[in-house]
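Note sheet for the following structure.
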There are 2 protein chains.
Amino acid sequence: GIKKGLIYLKGGEDRNIYDADTEHLFRQESYFNWTFGVREAGWFGAIDIETGKSTLFMPRLPQAYAVWMGSIRPPSHFLEKYGTDCVMFVDEIKNFIAENKETIYTLNGLNYDSKLQSVCEATEHLGDKTVNNEALHPIITECRVFKTETESKVLREVCRVSSDAHKAAMKACKPEMMEYQLESTLLHHVYFHGQNRLPAYGTIIGSGPNAAVLHYGHAGAPNDRQMQDGDMVLIDFGGDYNGYAADITTTFPVNGKFAEKQKTIYNIVLNTFNTVKAAMKPGVSYVEVHRLALRTHLEGLVKAGLLRGDVDEMMDVKLGAVFQPHGLGHFIGLNVHDVGAGPRNAEFPTLRCPRVLEKGMYLTAEPGMYFINPLLDAALANPEQAKFMNTDLIESYRGFGGVRLEDEIMIVEGGIESYTDVPRTVEEIEAFMA
Amino acid sequence: GIKKGLIYLKGGEDRNIYDADTEHLFRQESYFNWTFGVREAGWFGAIDIETGKSTLFMPRLPQAYAVWMGSIRPPSHFLEKYGTDCVMFVDEIKNFIAENKETIYTLNGLNYDSKLQSVCEATEHLGDKTVNNEALHPIITECRVFKTETESKVLREVCRVSSDAHKAAMKACKPEMMEYQLESTLLHHVYFHGQNRLPAYGTIIGSGPNAAVLHYGHAGAPNDRQMQDGDMVLIDFGGDYNGYAADITTTFPVNGKFAEKQKTIYNIVLNTFNTVKAAMKPGVSYVEVHRLALRTHLEGLVKAGLLRGDVDEMMDVKLGAVFQPHGLGHFIGLNVHDVGAGPRNAEFPTLRCPRVLEKGMYLTAEPGMYFINPLLDAALANPEQAKFMNTDLIESYRGFGGVRLEDEIMIVEGGIESYTDVPRTVEEIEAFMA
Ligand SMILES: [Mn+2]
Ligand SMILES: [Mn+2]
């Protein structure tokens, strides 16, 4: 391992909204947050590898700050708040770096989900020092995969409040409401109860056919449909607490009572959900759990009459991905799609987390089943897949939307612990919404 | 004027949050929104100056979009939605520009509030064409200053719902609530009632002494104080509707009943508020209205015994800026600090809008009075200012916080029309909160 050197990181900066004098709400960059926990913009930080001594560098604020932004707090305030060994000013970094005699390790690397390079790399003030920008990224990334006791407390808390937000939406939901009114209800719940102003990711409130639009809720489809009596609604929402994400999906009938077809698909997904959770434990590859989800889905569809034939043969022609095109789950932590999952698996390229499960990993399990027109069209046009499909019955599900159930799960000794707590069975949901 | 040529603009793009695969909620760039009204990211637009013919260029979406993001809508859909003469694809711009024979006008210029350059300048695909990047910016900017009938309808609507949000906060407010719980109440109100997910700017909920921190509510001071019985709270909040901003400030007692000192300062500010609104009309310089505000403030402070002496002499030594360091108001429209106000006035550099008022201008009037320690200290240490100050009485107001009242105002024939509708007098507020 590396025994000497200086880790040198750059925190997030404020970003204006275009050329206006308004700014995006500040969110600390995740690697910097993980390392130092600093809430403010424009900081740097360093850690001496040999001694473990940590130093933060804060911006030196102008006197006008005291009039417009509030009291100017001294380094001693932040020393107390962030618990590093030392707090200095950003304008002192140059000398600090100049005095350092060892290699400087900066953070440069790829995010496999966004395909973007790290933005936490500090390139300022390095002068002619020896810099290594490759060694650090994989090490911190792997550290972030395994959650500490303190992190797990925060994750429990964000998951608890977001579970309650889903329950508040179930209670508030009724026909003729707009999808965004449920989103507003969820956002209000988490912020009112002390979590972040911004959720962990773009909220999906897909009612009726919109439940089959996997990333519904973006600017071009902003949760603006009026929910109808007889629809189901799929809510994929999670709050943010100290930078840690929640990510929970519920699906339920807008009017509180499942129709027969809804019950059929819902119970297939619920059975898959319970099956994969029972299979998750240290030593099991998540690729195999994903495979199990697809197989259990197909068995459910056979039992319900939508498919007929041999499930092994269906697996060979990838029929599962017609009904669940996305992966079973992903790491979660400071990012909703957390780092450390590595490159994708060639067999299941949409599975974000193709790793063997280990104790302390924290991830989602989110089986879903959807009736997506272009995927159904392609499957029905492909004789290898179409031969298993009960066309008449499947056609009757066009426009049905879909069902997804998503928990957040800690891998523990011998199994899992789910931090999510929402009504899940048909009976529980109907009773809760009654 | 310019008779021929092609106006060529670039719309806003999606922005990732650092290197993560989450994005900032998309908000269209204001110049592009004003010109074309497009809600989606990644568009371009052009207008032929001679014929007025308008063309939009939309991204060509991959087939996977239909699975993940929703139906791929054809140009005809957006032709209907946005009412331009033509909708083409972004990959067709290159030929479109190559066929153009006239000068191409792109948008480059300074935002006086942020000091940033325009980001709506389209530099792609220009090849060796003649480009003018200077003429367009001042022309569109001045067009944006004068609101059309349609714009005024939208501004009325965003202001109406944001006024109601302030009223909802007044009704919800009680001692021991957290400041952010009022913010959450306001945000929920506007989004639940069909406006944008994001407010027009960072919400300020300054209770007790925090009311004197002019830009309170940022990441370093995130509205996280518990409000106490006996505090006042200052709320500066506005929603966003179709990209148009609201900007309203109310100040009221957390427990619904004004204490005597609170009444004193509140009524000084209310009198200034009414005085400046009565003075605003076409032909009047807003610099003079700002001066009137400071003078009326000082007269009020003399009457209340906090100052003594000649108000003209106080104006000469700029005593008004000790109690109201900010300008009286600003243009508002697609930006909360809207464009077109031009460079600042040398006498009052914090006044954002040093222009002569004209019919169709839309701006805020927001007198405020604050007890800000570093400003009081500086004034008391300056004999030219200190001689007017009743030190004992002023000292008793340290920690008081402050009061600001802000309306949005349309300049009409002979006067103004306020679009804001919230309780304003002590009696109205106490009755409303009872
Ligand atoms: Mn998820
Ligand atoms: Mn304002």
Side-chain angles (χ1 to χ4, degrees), chain A residues 12 14-30 39-41 63 66-71 111 113-120 178 180-181 183-185 187-188 191-192 194 197 200-202 210 213-216 218-222 325 335-337 372-375, chain B residues 12 14-30 39-41 63 66-71 110-111 113-114 116-120 178 180-181 183-185 187-188 191-192 194 197 200-202 210 213-216 218-222 325 335-337 372-375:
Chain A
D14 277 322
R15 290 182 94 171
N16 282 69
I17 300 177
Y18 304 111
D19 60 338
D21 65 345
T22 44
E23 289 168 352
H24 292 286
L25 261 180
F26 180 72
R27 187 187 196 284
Q28 185 56 276
E29 195 282 330
S30 295
R39 302 293 185 86
E40 295 83 5
Q63 279 307 309
V67 176
W68 296 90
M69 308 296 273
S71 305
N111 182 304
D113 288 301
S114 67
K115 313 284 185 279
L116 296 174
Q117 292 293 318
S118 168
V119 295
C120 197
M178 302 297 287
Y180 60 73
Q181 294 183 314
E183 181 183 354
S184 190
T185 302
L187 291 168
H188 183 43
Y191 191 33
F192 196 87
R197 275 185 259 211
Y201 56 94
N210 292 338
V213 178
L214 301 177
H215 288 171
Y216 185 71
H218 55 89
N335 291 0
V336 60
H337 296 149
I372 301 171
N373 285 329
L375 297 185
Chain B
D14 277 322
R15 289 181 95 169
N16 281 68
I17 300 177
Y18 304 111
D19 60 338
D21 67 344
T22 45
E23 290 168 350
H24 292 286
L25 260 182
F26 181 72
R27 187 186 196 283
Q28 185 56 276
E29 195 283 330
S30 295
R39 302 291 184 88
E40 294 84 5
Q63 279 307 307
V67 175
W68 297 89
M69 308 296 272
S71 306
L110 182 73
N111 182 304
D113 288 301
S114 67
L116 296 173
Q117 293 292 318
S118 168
V119 295
C120 197
M178 302 298 287
Y180 61 72
Q181 294 183 313
E183 181 183 355
S184 190
T185 303
L187 291 167
H188 183 42
Y191 190 34
F192 197 86
R197 275 185 259 210
Y201 56 94
N210 292 337
V213 178
L214 301 177
H215 288 171
Y216 186 71
H218 55 89
N335 292 0
V336 61
H337 296 150
I372 300 172
N373 286 328
L375 298 185

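So you know, we letter chains A, B, ... as the sequences are listed, proteins then strands, and number each from 1.
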Structural part of Ala200(A) lying under 4.5 Å from a heavy atom of chain B: backbone
Contacting region of Tyr180(A) [heavy-atom separation from chain B under 4.5 Å]: both
Over all atoms of both residues, closest heavy-atom pair of Met69(B) and Val213(A): C-CG1, 3.1 Å
Phe192(A) and Thr185(B): CA distance, side-chain angles, deciding distance, side chain to side chain contact (heavy atoms under 4.5 Å, CB included) verdict: CA-CA 8 Å; Phe192(A) 196 87; Thr185(B) 303; 4.0 Å; yes
Residue selection (most heavy-atom pairs with chain A, distance under 4.5 Å) from Glu23(B), Arg15(B), Gln63(B): Arg15(B)
Proximity breakdown for Gln181(A) and chain B, heavy-atom pairs closer than 4.5 Å: both
Proximal component of Val67(A), with respect to chain B [non-hydrogen, under 4.5 Å]: both
Top contributor to chain B interface from His24(A), His337(A), Lys115(A) [non-hydrogen pairs under 4.5 Å]: His24(A)
Side chain / backbone / both / neither for Met178(A) at chain B, heavy atoms under 4.5 Å: neither
Distance in Å, Asp19(A) CG paired with Gln117(B) CD, rounded so as to fall on 0.5 Å steps: 8.5 Å
Any residue meeting side chain to side chain donor-acceptor pair (under 3.5 Å) with Asn335(A), in chain and number order, not counting sequence neighbours: Ser30(A)
Atom pair NE2/CH2 of His218(B) and Trp68(A) - distance to nearest 0.5 Å: 12.5 Å
Side chain / backbone / both / neither for Thr22(A) at chain B, heavy atoms under 4.5 Å: side chain
Rounded distance (nearest 0.5 Å) linking atom CG of Leu116(A) with atom CG of Asn16(B): 5.0 Å
Region of Pro374(B) in contact with chain A, defined by heavy-atom distances below 4.5 Å: side chain
Chain A interface, residue from Gln28(B), Arg197(B), Glu40(B) that has the most non-hydrogen pairs under 4.5 Å: Arg197(B)
N/O donor-acceptor pair under 3.5 Å between Tyr18(A) side chain and Arg27(B) backbone: yes
Top contributor to chain B contacts, counting heavy-atom pairs under 4.5 Å, from Asp113(A), Val336(A), Leu187(A), Ile372(A): Asp113(A)
Pick from Ala41(B), Pro325(B), Ala20(B), Gly220(B) with the largest number of heavy-atom pairs that fall under 4.5 Å of chain A: Ala20(B)
Partner chain B: residue of Asp14(A), Asn373(A), Val119(A) with the largest heavy-atom pair count (under 4.5 Å): Val119(A)
Nearest-0.5 Å distance, NE2 of residue His188(B) to OH of residue Tyr191(A): 14.5 Å
Option that, when pairs with chain A are counted at under 4.5 Å, heavy atom only, ranks first among Ala221(B), Ser118(B), Cys120(B): Ser118(B)
Qualifying residues under side chain to side chain donor-acceptor pair (under 3.5 Å), relative to Glu29(A), sequence neighbours excluded: none
Pairs of heavy atoms under 4.5 Å with chain B: top-ranked of Ser71(A), Gly194(A), Gly202(A): Gly194(A)
Leading residue by heavy atom contact count with chain A [cutoff under 4.5 Å; candidates Asn111(B), Leu375(B), Asn210(B)]: Asn111(B)
